[in-house]
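By convention in this document, chain letters (A, B, ...) are assigned in the order of the sequence lines, proteins followed by strands, and residues within each chain are numbered from 1. Any value given below was found using the heavy atoms of this structure, including those in side chains, with hydrogens, waters and symmetry copies removed.
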There are 2 protein chains.
Amino acid sequence: VGGEARTGLRQRLDLDERRARLIEVGQRVFSERAYDEVSIDDLARAAGVSKGLLYHYFANKRGYYVACLQGLAEAMLAETLEAVSRSLPPLEQLRAGLDAYLSYVDRHARGYAAVFRGGVGSDPEVAAVIDATRTAFLDRLLDGAPEVVAIGARQHPLLRTALRGWIGFVEAASLDWLERRDLGQRELRELLADVFVASVDRALLGPRGS
Amino acid sequence: VGGEARTGLRQRLDLDERRARLIEVGQRVFSERAYDEVSIDDLARAAGVSKGLLYHYFANKRGYYVACLQGLAEAMLAETLEAVSRSLPPLEQLRAGLDAYLSYVDRHARGYAAVFRGGVGSDPEVAAVIDATRTAFLDRLLDGAPEVVAIGARQHPLLRTALRGWIGFVEAASLDWLERRDLGQRELRELLADVFVASVDRALLGPRGS
């Protein structure tokens with residue numbers, strides 16, 4: 001590799017690093033205050049950079065926000081994956097994943113509520129990040145439990161619908177939890193795990209009493 | 001009542017009726033085409049009125065849209081209520097309500113998907129309509145089943161969280177159903193009813209096996 005290429009690579013890394021730092025700052029600012037209350041000036045001030053530099057990295061406030069949201073979604077997916085050891089029994093894997101999810105929700109309460117209640121004026125880009133996150137969780141659930149793999153879950157419409165429904169249950173229950181704060185995390189996790197088991201059983205085994 | 005008051009009342013009724021007709025037209029247009037593809041000109045043309053008249057009733061396209069959405073939410077709440085006879089056993093009431101809900105979703109597929117996937121750029125007013133609709137369904141569920149009333153459900157955080165979670169399940173599963181169309185309405189309804197029973201049982205009776 002010649003000197004010129006090395007310099008190019010170095011500059012690229014510097015750009016990536018600066019962008020990552022700007023995203024960290026943005027995530028903090030957007031988690032502390034409502035989207036509509038934050039201006040580009042506030043964001044530039046918090047990052048200690050000029051507005052011009054921000055516009056170099058992001059098209060506008062919405063683009064900055066979407067990049068921050070994308071980073072948060074990736075972090076949530078990574079944390080919940082790391083928390084799950086594949087050597088555990090399936091139900092323990094589910095519990096560990098849910099604990100990591102709820103811890104994440106707890107630490108990013110304002111951002112989570114804003115995104116899932118549609119309060120930030122979710123546009124197609126925001127909807128795309130949410131959709132991609134839900135699909136990633138769905139894929140993990142479909143690939144996860146051995147009995148699910150065994151029956152060819154991807155060709156099983158009722159199971160897929162039940163899993164997508166359950167992800168909606170988790171999101172709605174998490175919002176309720178953040179709003180009321182009258183349940184312990186463990187209590188909520190156990191409810192979610194039990195409803196998962198009931199939903200999958202129901203989808204695979206058919207109606208109760210049949 | 002004097003002639004002047006009668007004239008005022010008559011004018012008021014005319015205004016209400018015209019507004020109701022504009023909302024009907026808007027609901028049709030917004031259900032046939034995506035929000036961003038519809039202009040105020042299109043809406044005025046579809047209603048056979050001037051843009052000026054539209055602006056007399058609604059502040060802007062977003063205000064018109066929110067009024068149409070509000071009308072749809074009210075219709076959904078009314079239809080699901082009418083479908084349920086209080087003389088039926090609780091589980092049959094739930095099934096009848098779910099059937100009415102899914103029929104409604106089916107007939108307003110595009111609007112439902114747009115609202116619940118956040119694709120229309122949901123702003124605080126849209127979020128408020130969604131929240132109010134969810135709360136109305138939650139209140140019905142909390143007031144509905146006798147065993148729920150008996151235990152004082154409003155003071156039971158886990159049951160409230162489970163019911164809000166289940167409403168999220170219904171919404172997510174409905175979206176999946178609209179997108180894939182590979183389940184019958186009856187099959188989906190039975191899944192939703194069984195997951196409801198499992199969720200409420202779990203919230204009231206505690207963890208499985210305890």
Student: Measure distances from Glu171(A) to the heavy atoms of chain B and classify the residue's part below 4.5 Å as side chain, backbone, both or neither.
Tutor: neither
Student: Heavy-atom pairs under 4.5 Å with chain A - which of Ala162(B), Gly165(B), Gly168(B) has more of them than the others?
Tutor: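 Most pairs with chain A among the choices: Gly165(B).
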Student: Compute both the distance and the angle, then confirm whether Arg164(B) meets the cation-pi test with Phe169(B): under 6.0 Å from the six-membered ring centre, within 45 degrees of the axis.
Tutor: no
Student: Tell me if the centroids of the rings in Phe137(A) and Tyr101(A) come within less than 6.0 Å of each other.
Tutor: yes
Student: How far apart are the C-alpha atoms of Arg45(B) and Asp42(B), what are their side-chain angles, what is the distance that settles it, and do they pass the salt bridge (Lys or Arg N to Asp or Glu O under 4.0 Å) test?
Tutor: CA-CA 5 Å; Arg45(B) 203 173 308 122; Asp42(B) 297 333; 3.4 Å; yes
Student: Let me know if Leu158(A) has heavy atoms under 4.5 Å from chain B in its side chain, its backbone, both or neither.
Tutor: both
Student: Can you tell me which portion of Trp177(B) sits under 4.5 Å from chain A's heavy atoms? Options are side chain, backbone, both or neither.
Tutor: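 Looking at Trp177(B), nothing touches chain A.
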Student: Any idea which of Leu188(A), Val195(A), Asp182(A) has the most non-hydrogen atom pairs under 4.5 angstrom with chain B?
Tutor: Asp182(A)
Student: A side-chain contact here means heavy atoms from C-beta on lying under 4.5 Å apart; do Leu138(A) and Arg134(A) qualify?
Tutor: no
Student: Measure from NZ or CZ of Lys61(A) to the centre of the six-membered ring of Phe30(A), then state whether that distance is under 6.0 Å and the direction lies within 45° of the axis.
Tutor: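 Because its charged atom misses either the 6.0 Å distance or the 45° angle limit, Lys61(A) does not stack over Phe30(A).
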